[in-house]
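Everything on this sheet refers to the single structure shown next.
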Amino acid sequence: MKNILITGSTGNVGLEVIHFLSQKSNHINIIAGIRQEKEIKNLLVNYPTISCKIFDFKNIATFDGALQNIQTLFLLRPPQIAEVEKYFRPLLVAAKNKGVKEIVFLSVQGVERSSIIPHYKIEKLIEELGFDYIFLRPSYFMQNLTTTLLKDIQQKNKIILPAGNALFNWVDVSNIGEVAAELLINFTKHKNQAIELTGYENEHFQTVATMMSKVLGRTITYESPNLIRFYYLKRKEGLDAGFILVLIMLHFLPRFQKAPKISTFYETLTGKKPTSLLSFLQREKDKFNIMRT
Ligand SMILES: NC(=O)c1ccc[n+]([C@@H]2O[C@H](COP(=O)([O-])OP(=O)(O)OC[C@H]3O[C@@H](n4cnc5c(N)ncnc54)[C@H](OP(=O)(O)O)[C@@H]3O)[C@@H](O)[C@H]2O)c1
């Protein structure tokens with residue numbers, strides 16, 4: 001039996017990884033690393049066969065317990081944690097000392113061109129410490145529409161981002177979870193590789209807004225404000241300054257970059273086409289409705 005620890009297990013990607021792992025193999029133990037005790041019950045209701053361990057990136061005292069008897073780690077960088085030396089080095093050193101051999105790290109497409117982003121530094125650290133690894137590098141999550149951008153869509157019928165006409169490659173987090181589960185189980189087959197994972201569509205936000213309007217039956221407009229206006233708009237809504245800067249980096253910089261590369265890895269691995277934007281929007285349609293209290 002292989003013991004796999006999943007970090008970020010209550011988030012978008014982690015939940016999908018658990019979902020697919022728990023369907024795929026009887027020869028693994030899935031251990032969800034959970035920051036808060038209250039989350040354990042929620043996870044176990046849906047996935048009664050997994051176990052949970054308290055794990056907090058910011059609390060070194062939780063590392064040894066969570067890493068006990070773990071061979072394979074699914075490592076995710078929570079969006080709020082950017083300090084690699086402060087948080088990831090101690091964790092990875094602890095993992096090494098505890099005998100973890102394999103790491104599937106959720107990175108990001110294009111990481112190799114951007115040495116300032118934390119994912120780049122984490123990839124380097126994993127190599128430096130001598131783990132076998134798979135760097136899974138997905139493109140832009142379709143689920144950004146149902147998370148970060150949801151409030152503006154629900155309440156203002158708008159997508160507001162400083163992305164201009166930049167093209168984004170859109171990938172479904174469910175496809176990422178499916179691939180990650182396969183990589184965690186059949187690690188050796190793919191080890192020491194970086195794998196880009198994308199959907200088949202490079203689209204800009206204007207096109208996505210038009211598609212959404214058709215699917216939702218109401219007009220969704222796309223607005224690309226200048227950076228100062230975007231910053232103040234989001235500050236007024238109470239968003240953390242650091243998070244706004246991340247949004248700017250993610251959406252403004254692609255205006256000056258080439259169109260994202262499209263990868264066929266998902267289809268090669270699963271024999272299926274990746275989720276299209278249209279089917280994602282149809283599947284998640286209800287989430288975009290205005291919430292009434
Ligand atoms: N959005 C995109 O388009 C995109 C594209 C490519 C790559 N990525 C990468 O994907 C990652 C984000 O994945 P996601 O969307 O699944 O994130 P998410 O939904 O925000 O989930 C974050 C997870 O991390 C956990 N977490 C937060 N702080 C923690 C701590 N101190 N200790 C332990 N766990 C902690 C959260 O647990 P709690 O429930 O306790 O908060 C949650 O399970 C980032 O690294 C991002 O750069 C994103």
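Counting convention: from 1, in listed order, for ligands and their atoms alike.
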Compute the centroid of each ring, for Y133 and then for F105, and state whether the two points are separated by less than 6.0 Å.
no
In the protein, which heavy atom is nearest to atom 10 (O) of ligand 1, and how far is it?
L106 CD2, 3.3 Å
Between ligand 1 and S107, is the shortest N or O to N or O distance under 3.5 Å?
no
Taking the six-membered ring for Trp, are H251 and F230 closer than 6.0 Å centroid to centroid?
no
Does even one non-hydrogen atom of P118 get within less than 4.0 Å of ligand 1?
no
Quick one: which ligand 1 atoms are inside 4.0 Å of a heavy atom on D56?
30 (C), 31 (N), 32 (N), 33 (C)
What protein heavy atom sits nearest atom 21 (O) of ligand 1, and how far off is it?
G11 CA, 3.3 Å
Would D172 and R283 pass as an ion pair if we require N to O under 4.0 Å?
yes
Does the distance from a Lys or Arg side-chain N to an Asp or Glu carboxylate O, for K151 and E237, drop under 4.0 Å?
no
Could you tell me whether ligand 1 has any atom less than 4.0 Å away from a heavy atom of T7?
no
Counting from 1 in the order shown, the ligand 1 atoms closer than 4.0 Å to a non-hydrogen atom of T10 are 36 (C), 37 (O), 38 (P), 39 (O), 42 (C), 43 (O)
Quick check on contacts: which atoms of ligand 1 are under 4.0 angstrom from a heavy atom of S9?
43 (O)
State whether E112 and R137 are salt-bridged, where the test is any N-O pair (Lys NZ or Arg NE/NH1/NH2 against Asp/Glu carboxylate O) under 4.0 Å.
yes
With a 4.0 Å cut-off, would you call E83 and R77 a salt bridge?
no
Relative to the heavy atoms of L76, which atoms of ligand 1 are at a distance of less than 4.0 Å?
13 (O), 16 (O)
Below 4.0 angstrom, N of the basic side chain to O of the carboxylate: do K24 and E182 qualify?
yes
Between R229 and E223, is the closest basic N to carboxylate O distance under 4.0 Å?
yes
Please work out whether any backbone atom (N, CA, C, O) or any side-chain heavy atom from C-beta onward of R35 is under 4.0 Å from ligand 1, and answer side chain, backbone, both or neither.
side chain
Between ligand 1 and G8, is the shortest N or O to N or O distance under 3.5 Å?
yes
Give a yes/no on ligand 1: does R137 have at least one heavy atom closer than 4.0 angstrom to it?
no
With heavy atoms of I81 as the reference, note each atom of ligand 1 found under 4.0 Å away.
31 (N)
Pull out every atom of ligand 1 sitting under 4.0 Å from any heavy atom of N144, numbered as shown with elements.
1 (N), 2 (C), 3 (O)
Taking 4.0 angstrom as the limit and counting only heavy atoms of S139, give me the atoms of ligand 1 inside it, by number and element.
5 (C), 6 (C)
Which atoms of ligand 1 are found less than 4.0 Å from any heavy atom of P138?
6 (C)
Hey, is Q109 touching ligand 1 through its side chain, its backbone, both or neither, going by heavy atoms under 4.0 Å?
neither
Electrostatic pair K234-D152, nearest N-O below 4.0 angstrom
yes
So, do F57 and Y87 have ring centers that fall under 6.0 Å from each other?
no
For D132, is there an ion pair with K191 - N to carboxylate O distance below 4.0 angstrom?
yes
Regarding atom 14 (P) of ligand 1: of the candidates N12, I6, T62, which has the closest heavy atom?
N12
Let me see the working for L92 and I103 under side-chain contact (heavy atoms from CB on, under 4.5 Å), right down to the final yes or no.
CA-CA 10 Å; L92 288 168; I103 298 182; 3.5 Å; yes
Identify, for atom 34 (N) of ligand 1, the protein heavy atom at the shortest distance, and state residue, atom and that distance.
F57 CD1, 3.7 Å
Per-residue contact class, P79 against ligand 1 - non-hydrogen pairs under 4.0 Å:
side chain
Atom 44 (C) of ligand 1 [closest protein heavy-atom partner, distance rounded to 0.1 Å]:
R77 O, 3.1 Å
Run through F205, F280, Y200 and flag the one making a ring-ring contact (aromatic ring centres under 6.0 Å, His included) with W170.
F205
For a side-chain contact (heavy atoms from CB on, under 4.5 Å) check, start with the C-alpha distance between V84 and Y120, then their side-chain angles and the critical distance, and finish with the verdict.
CA-CA 10 Å; V84 173; Y120 179 94; over 6 Å; no
Among protein heavy atoms, which sits nearest to atom 47 (O) of ligand 1, and what does the distance come to when rounded to 0.1 Å?
H119 NE2, 2.9 Å
Would you kindly specify which portion of T148 sits under 4.0 Å from ligand 1, judged on non-hydrogen atoms: side chain, backbone, both or neither?
neither
Exactly one candidate in L67, I4, L73, I70 meets side-chain contact (heavy atoms from CB on, under 4.5 Å) with I31; the answer is I70
Looking only at distance, does V13 have an N or O less than 3.5 Å from an N or O of ligand 1?
yes
Of all protein heavy atoms, the one nearest atom 48 (C) of ligand 1 is F141 CZ, 3.3 Å
